[in-house]
Student: 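Sharing a structure, written as structure tokens. Questions coming.
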Amino acid sequence: MSLTPEQVRRIAHLARIETSDAEVQTTLDHLNGIFSLIEEMQAVDTQGVAPMAHAQDLAQRLREDAVTESDRRAAFQAVAPETEAGLYLVPKVIE
Amino acid sequence: MSARNWEVVIGIETHTQLATRSKIFSGASTAFGAAPNVQASAVDLALPGVLPVLNRGAVECAIKFGLSIGAEVAEKSVFARKNYFYPDLPKGYQISQFELPVVVGGGVRIQVGQGDKAYEKVVRLTRAHLEEDAGKSLHEDFHGKSGIDLNRAGTPLLEIVTEPDMCSSAEAVAYAKALHALVRWIGICDGNMQEGSFRCDANVSVRRPGEPLGTRREIKNLNSFRFLQQAIDYEIQWQIDTLEDGGKIQQATVLFDPDSGETRVMRTKEDAHDYRYFPDPDLLPLVISREWVERTKATLPELPEAKRQRFMEQLGLSAYDATALTASLEVADYFDAVVTAAGAANAKSAANWVMGELSARLNKEDKDIAASPVSAAQLAGLIARIADNTISNNIAKKVFEALWNGEDASADEIIEKQGLKQITDTGAIEKLVDEVLAANAANVAEYKAGKEKAFNALVGQVMKAAKGKANPQQVNDLLKAKLGG
């Protein structure tokens, strides 16, 4: 399987990465290289092997339902580009 | 144009905010109404290097829900990343569940309509999965910018998805109400719709009977039962009109505008999100032991369906009454308390009072049953006096009125104080009957000439003379005996 330049542009757009035509070509080559690696792995017989959701065969640890965080807004907002009235300001986005 | 010859197909997705103290993946508070961003921790802000740690309380809510709808609580479920960009989602993805959700299957019984037209059905559930809520964007008044409040980011949600089993707005509303009552009943959600704790999306399509499913449009974020009904009704009519005019339905996500009562397109299939779900490498699979499920089962209150069965089997109530009385935990508890005090023999009478007089008064004054001025014990006392013939049903309404208006007394005390005790002394009633017969010779003659109506007039006269307190059955019997003689 190999990708088309159009598919690369689509993936780049979904990830909000701006790509020039030259970059699309380089990225296409890189991704196709990764795909051939995946093709090699897919040749392995996995019949009867349950798919894993994580590389480690462990279960999720849980925490108790308790509030352990205090208000650190001032510290967090000190490094934000722009804030007002306790809010983080961002370029206007309306869907 | 009518909906004739069209079949409507509706499925509902509901986001229920879980009643935990802390967020699903961080120890920040979930309390509503705090100042902006004071409850947004480093994890909620997606600062570099942080890791999510799953809240046991949120998982327990999901287990309770699965148990309450007869679903399978998955032994192993998996968290996945749902990728999209929006400023109120700082990570650039929402942690959700995709291929392996925590709750699979199950169903919710609904009762639709009233009286003779009432019917029941079960809405099957596809799944319910745990996920985190996003923050809030405020679009007004920030010099052309948007303000972001991340207090809500990371609040635990259980997204509950039905099969496309509903075929009218009435069924959709009945389902939403039943689900709303259930999540409050088992204590996993406060059900506050104004604060966004319970939000519905409705997938609506129409088709000709027997044809495959039509193209659906999804109405997003309906936060009241009324809007749910209005939005679906508008959408159904719009789709039918469009198709009958020769148009085609485009798959789309739409928003309902309560002011215009219309739905409008938010995005079409072409610019639909491509979420690129994949298992979240930051979280291991969620494993729920059968022992944990059993332990949780023991903490659940008697569930609506079990209570409903009990009301029918042990108390002899009709299916309709039993369903109505289990519409919410508060109503069911109140009814249970009345029956406990008044005795199971009076269950039908108790049901009639709770669903009739009491619920009418509560509705009229917009009161919750938990705040009813007439307590369950007071109502039970009243019902007991009807049962033992101390008062008639009509007089009972007077006593109820007095109890409602804040007389902090028992029914017995009011009956005593206002002299409402029914006259059952045959001698006393006979005296009244004799007086009425003597004073109403014309009615007596009419009755003897075969006019049945004249009899009712005589009964009325006796009751009037007795100030409504004579036992109606005894009055009837005595009159009949005397007139027949």
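What you are looking at is a predicted structure, and each value in this text was computed from that prediction instead of being measured. Numbers restart at 1 for each chain; the letters A, B, ... are given by sequence-line order, proteins then strands.
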Student: Could you measure the distance from the NE2 atom of A:H54 to the CG atom of B:D282? Nearest 0.5 Å is fine.
Tutor: 7.5 Å
Student: On a heavy-atom basis, which atom in B:N37 and which in A:L87 lie closest, and how many Å separate them?
Tutor: ND2-CA, 3.6 Å
Student: As an exercise, state the distance from CG of B:L284 to CG of A:D57, rounded to the nearest 0.5 Å.
Tutor: 9.5 Å
Student: Atom CZ of residue position A:R16 - does it have more than 12 heavy atoms of other residues, nucleotides or ligands inside 6.0 Å?
Tutor: yes
Student: Against chain A, label B:S26 side chain, backbone, both or neither, depending on which of its atoms sit under 4.5 Å from a heavy atom there.
Tutor: backbone
Student: If you measure from CG on A:D65 to CD on B:E60, what distance do you get to the nearest 0.5 Å?
Tutor: 9.5 Å
Student: Does atom CD (B:E99) have a neighbourhood of more than 12 heavy atoms from anything else shown, all under 6.0 Å?
Tutor: no
Student: Checking A:A53 against chain B: side chain, backbone, both or neither under 4.5 Å from a heavy atom?
Tutor: both
Student: With a 4.5 angstrom heavy-atom cut-off, is it the side chain or the backbone of B:I24 that approaches chain A, or both, or neither?
Tutor: backbone
Student: What distance do B:Y275 atom OH and A:L14 atom CG have between them, rounded to the nearest 0.5 Å?
Tutor: 11.5 Å
Student: What is the distance from atom CZ of A:R61 to atom CZ of B:R56, rounded to the nearest 0.5 Å?
Tutor: 10.0 Å
Student: Under 4.5 Å, heavy atom to heavy atom: which of residues 70-81 of chain A reach chain B? Give them by number, or say none.
Tutor: A:D71, A:R73, A:F76, A:Q77
Student: Less than 4.5 Å to any heavy atom of chain A: does that hold for the side chain of B:P285, its backbone, both, or neither?
Tutor: both
Student: At a 4.5 Å cut-off on heavy atoms, which part of B:L286 comes close to chain A: side chain, backbone, both, or neither?
Tutor: both
Student: Could I get the full list of ring pair (Phe, Tyr, Trp, His ring centres under 6.0 Å) partners for B:F98, not counting sequence neighbours?
Tutor: B:Y277
Student: Got A:E84 and B:H143 here, is their nearest side-chain heavy-atom distance under 4.5 Å?
Tutor: yes
Student: Does some side-chain heavy atom of A:E69 sit less than 4.5 Å from a side-chain heavy atom of B:V43?
Tutor: no
Student: Mark yes or no for whether B:R21, through its side chain, and A:V67, through its backbone, hold a donor-acceptor pair below 3.5 Å.
Tutor: no
Student: Select one option (side chain, backbone, both, neither) describing which atoms of B:S137 are under 4.5 Å from chain A's heavy atoms.
Tutor: neither
Student: Can B:L54 and A:R63 be said to form a side-chain contact (heavy atoms from CB on, under 4.5 Å), step by step?
Tutor: CA-CA 6 Å; B:L54 185 56; A:R63 43 166 261 275; over 6 Å; no
Student: With a 6.0 Å cut-off (strictly less than), is the heavy-atom count around CZ of B:R216, excluding the residue itself, greater than 12?
Tutor: no
Student: Heavy-atom distances under 4.5 Å only: say whether B:A34 touches chain A with side chain, backbone, both or neither.
Tutor: neither
Student: Per the ring-ring contact (aromatic ring centres under 6.0 Å, His included) rule, what does the pair list look like for residues 19-40 of chain B, sequence neighbours excluded?
Tutor: B:F25-B:F79
Student: Heavy-atom distance under 4.5 Å to chain A: side chain of B:V78, backbone, both or neither?
Tutor: side chain
Student: Taking salt bridge (charged side-chain N to carboxylate O under 4.0 Å, His left out) as the definition, give me every residue that meets it alongside A:E18, ordered by chain and number, with sequence neighbours left out.
Tutor: none
